Protein chains: 2
Amino acid sequence: MEPRFNLWIEAGGEVAASRWRMELLSAIEEHGSITAGAREMGVPYRVAWQKVHEMEERLGMQLLETQTGGAEGGGARLTEAGREHVGRMRAFCDRADRAIREIYSETFGQSPPD
Amino acid sequence: MEPRFNLWIEAGGEVAASRWRMELLSAIEEHGSITAGAREMGVPYRVAWQKVHEMEERLGMQLLETQTGGAEGGGARLTEAGREHVGRMRAFCDRADRAIREIYSETFGQSPPD
DNA sequence: CCGGCGTTATGATTGCTCTTCATAACGGAG
DNA sequence: CTCCGTTATGAAGAGCAATCATAACGCCGG
């Protein structure tokens, strides 16, 4: 047996934020485009774009500022709200992971892997 | 925006335990049959049976003792391991919910509903 | 002795969500 | 004014999960 746990935040019954989605935003910001961020996360562009679109809709805020055409073909950067969201989300995930891991090992008498 | 969270335990990358599944086992025990438990949880018998089967396989333990035929047609009861699992799982879910709720409100500055 | 009933157990099918493939639009550079 | 890499989105396909349908079991009443 290999116990694990997962965690996300919902808005209106649908996933609005999770660690994976936060990492996606982070990767997009780091590489300057949705395409490169998607490649790093190992998913097709369509998926990455759709997740971002969902997040913006469900969180009710604009996360990315995108630009089409131009010398480099375009690109994407996090908005101020987006950077704020990523920061809070990273803190939330890290703290929650630690807390749950502790409760898990106290309850089940063995520490969860990873 | 209506923030929520969810939480489960995985075994081998697949869901092995969650609050819903724990409530299902609890309902089966309370009513004495998978059929009645499934009805209470609002799912068809097949779904309930499948979830239980999955849980037993992924946790590597027998949770239910079932009986087919007989005066009442049959029934199901939790094994000792099953009762133990339900108890630990309920404690884990309750403690984790409290902890995550607290971390959430500290991080995002508002308390999650429910 | 045997047909009926409520249950467990499982095969087969449907439906739906998510992934993937394909295409349009943009705009600076050569 | 054509080319390139990007954003943006429509449409088709696949995979998975819920649902429907059926077999087997075993006591009980007739």
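Being a predicted model, the structure only gives us computed values, none of them experimental. Note on naming: letters A, B, ... go to the chains in the order of the sequence lines (proteins, then strands), and numbering restarts at 1 for each one.
Between M22(A) and V86(A), the shortest heavy-atom contact is CG-O, 3.9 Å. Smallest separation of non-hydrogen atoms from Y45(A) and A38(A): CA-CB, 4.0 Å.
Running 5' to 3' along DNA chain D, contacts with non-hydrogen atoms of chain A at under 4.0 Å begin and end at dG5(D) to dG10(D).
Salt bridge status for R58(A) with E10(A): absent, with no side-chain N to carboxylate O gap under 4.0 Å. We find that R95(A) and E106(B) are joined by a salt bridge, their nearest charged nitrogen and carboxylate oxygen being less than 4.0 Å apart. We find that E102(A) and R98(A) are not joined by a salt bridge, their nearest charged nitrogen and carboxylate oxygen being 4.0 Å or further apart. Taking the charged nitrogens against the carboxylate oxygens, E23(A) and R19(A) do have a contact shorter than 4.0 Å, which makes a salt bridge.
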What protein N or O atoms touch nucleotides 4-6 of chain C N or O atoms at under 3.5 angstrom, if any, and at what distances?
from, atom 1, to, atom 2, distance (Å)
dG6(C), N2, G73(B), O, 3.1

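In the hydrophobic clustering of this structure, F5(A) groups with L7(A); members are Ile, Leu, Val, Met, Phe, Trp, Tyr whose side-chain heavy atoms approach within less than 4.5 Å, directly or through other members.
Contact check of residues 23-51 of chain A against DNA chain D (heavy atom, cut-off under 4.0 Å) returns S33(A), I34(A), T35(A), Y45(A), R46(A), W49(A).
Among residue pairs with one or both ends in residues 67-94 of chain B, those qualifying as ring pair (Phe, Tyr, Trp, His ring centres under 6.0 Å) are Y104(A)-F92(B), F108(A)-F92(B); sequence neighbours excluded. Pairs of residues two or more places apart, or lying in two chains, never qualify as salt bridge (charged side-chain N to carboxylate O under 4.0 Å, His left out) while including a residue from residues 38-49 of chain A. Listed by first then second residue, pairs satisfying salt bridge (charged side-chain N to carboxylate O under 4.0 Å, His left out) with a partner in residues 70-79 of chain B read E29(B)-R77(B), not counting sequence neighbours.
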